[in-house]
Amino acid sequence: MKMALSTRANGVLSASSNNIMWEVMANLYDPETNPDGYYSVGVAENLLMHEHLLNHVHQHVHLTSKSLTYNDGASGSKRLKAAMARFLNRHLHPCTPLQPHHLILTNGVSAAVEHLSWAFADKGEGILLGRPYYGTFIADLSLRFGTEVVTVPFGGGDPLGADCVDAYRRALTRFEQQTGKKCRALLLCHPHNPLGRCYSRDVLVALMRLCQEHGMHFISDEVYALSVWGEGQFVSALSIDTKGIIDADRVHVLWGMSKDFGANGLRLGALISQGNKDVRAAVDSVALYSYVSGPADHIAANVLEDDAYTDEYIRLNCERVREAYEHTVGLLTQNQIPYMSGANAGFFVWVDLGTPYLKRHPEAIHEDVSEAVMQRLLKNKVFLASGALFGSETPGWFRIVFAHPRAYLDEALRRIVAALQ
């Protein structure tokens with residue numbers, strides 16, 4: 001007899017039925033144990049600095065019994081909050097220096113995003129998200145609390161350009177008029193995933209003004225803030241003096257160890273809300289459900305307290321990521337695969353696989369080209385993120401993550417090219 005599930009649980013089963021990522025993750029290529037597994041360049045992980053980070057961990061981690069307790073509470077240890085506040089003050093240059101109590105630590109940035117969705121929006125209310133977007137934002141914002149993700153199309157315009165503000169305004173107006181519900185927040189990924197670019201200060205300010213005008217919160221997910229390797233400056237939302245622009249209690253920033261330190265598995269993020277003690281208190285009350293483990297807390301504090309090490313790590317990481325990007329786009333150009341130029345941050349490139357596929361297979365013009373290409377990729381045992389799950393406005397676009405060892409990356413790219421033949 002089939003057990004009855006809640007409406008919530010059945011909704012999750014339906015929503016997750018078309019996400020193949022976890023199936024791929026459970027069947028990854030290994031030259032010895034799984035030579036027929038998938039090559040994955042579809043998950044935003046940076047493997048280029050793993051040995052460098054592990055060397056520091058192995059040399060400096062000596063756990064005490066405190067790491068096996070509940071530590072200083074569910075929102076992170078006093079030591080790690082102090083270390084992270086100091087570290088981010090050095091690198092993000094906040095207008096008002098961060099204090100340890102400004103931070104709520106979580107087991108990954110996804111948990112911080114979900115906390116803010118819970119704190120800001122009632123069921124059916126909206127949070128604005130520009131297209132294309134990091135695909136997991138949809139679940140982070142909506143899966144458990146019923147928040148409506150109001151996706152913003154740009155109709156061929158630059159999603160990070162000055163004109164994007166009008167597109168956000170049109171989307172929120174349309175949502176509020178059609179539903180009678182309010183948009184409560186605007187969420188950016190800055191630097192942008194999957195486009196690999198940074199918002200300018202002027203655009204950040206304009207979007208802050210839009211949030212102030214409509215009584216919304218402004219959320220800047222800056223998890224790639226220290227992975228800016230190309231030309232152009234990264235401006236943290238924390239570094240902007242908000243006087244006359246937006247109430248300080250409406251600005252919130254997210255950061256974590258997953259991307260800039262290539263440590264997705266450490267599961268450690270931070271929600272930074274300098275001007276809003278009520279948000280911090282509300283999230284702190286449910287922080288039990290995003291508790292950072294004691295060993296992860298200890299490891300992160302050890303790393304972030306070591307200025308000489310982190311400075312060299314960031315420099316070397318950006319150098320290696322830049323080299324991997326240049327190698328990847330060189331191979332894409334060589335194989336006549338179009339890609340979005342102008343990337344200067346993160347470790348992914350936004351590529352158009354639909355156009356070269358349709359040139360070779362014009363009979364597929366009436367097919368779902370994104371799905372057709374994805375099936376060919378999977379048949380060739382290579383996985384990358386489909387733009388169909390990232391809100392791409394044009395079919396056939398995919399995200400390639402290039403922060404892999406050279407031999408692995410080359411084989412993955414070879415399989416991508418083969419899939420298009």
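- Side chains of Asn317 and Asp260: no donor on one and acceptor on the other come within 3.5 Å.
- For Phe402, the ring-ring contact (aromatic ring centres under 6.0 Å, His included) partners are Tyr325, not counting sequence neighbours.
- Proximity of Arg376 to Val373: side-chain heavy atoms (C-beta onward) are nowhere separated by under 4.5 Å.
- Between the side chains of Ser273 and Asn276, no donor N or O sits under 3.5 Å from an acceptor N or O.
- Between Phe154 and Tyr168, a ring centre-to-centre spacing shorter than 6.0 Å is recorded.
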Exercise answer: donor-acceptor pairs, residues 331-341 side-chain atoms, under 3.5 Å, sequence neighbours excluded:
residue : atom : partner : partner atom : Å
Thr333  : OG1  : Val329  : O            : 2.8
Asn335  : ND2  : Leu331  : O            : 2.9

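- Separation of the Tyr39 and Tyr29 ring centroids falls under the 6.0 Å cut-off.
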Can I get a per-line list of side-chain donor-acceptor pairs under 3.5 Å for residues 215-222, giving both atom names and the distance, sequence neighbours left out?
residue : atom : partner : partner atom : Å
His217  : ND1  : His252  : NE2          : 2.9
Ser220  : OG   : Glu222  : OE2          : 2.8
Asp221  : OD1  : Val223  : N            : 3.1
Glu222  : OE1  : Ser236  : OG           : 2.7
Glu222  : OE2  : Ala237  : N            : 2.8

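- For the residue pair Ser290 and Asn107, no side-chain donor N or O sits within less than 3.5 Å of a side-chain acceptor on the partner.
- Residues Lys181 and Lys123 approach most closely at NZ-O, 3.9 Å, considering heavy atoms.
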Subject >> Evaluation steps, salt bridge (charged side-chain N to carboxylate O under 4.0 Å, His left out), between Glu323 and Arg320 >> reply: CA-CA 5 Å; Glu323 290 172 354; Arg320 290 182 180 179; over 6 Å; no
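- Residue pairs meeting the side chain to side chain donor-acceptor pair (under 3.5 Å) criterion with at least one partner in residues 131-156, sequence neighbours excluded, are Ser110-Asp140, Glu114-Arg144, Ser117-Thr147, Tyr134-Thr136.
- Remark: aromatic rings of Phe261 and Tyr313 are close, center separation under 6.0 Å.
- Between Phe87 and His91, the angle of the ring planes lies from 30° to 60°, which puts this pair in the tilted group.
- Taking the salt bridge (charged side-chain N to carboxylate O under 4.0 Å, His left out) definition, one finds that Asp166 meets it with Arg169, sequence neighbours left out.
- For Tyr289 and Trp118, the gap between ring centers reaches or exceeds 6.0 Å.
- Expressed to the nearest 0.5 Å, how far CG of Leu358 lies from CD of Glu363 amounts to 9.0 Å.
- In this view, Asp247 and Arg250 satisfy the salt bridge (charged side-chain N to carboxylate O under 4.0 Å, His left out) rule, not counting sequence neighbours.
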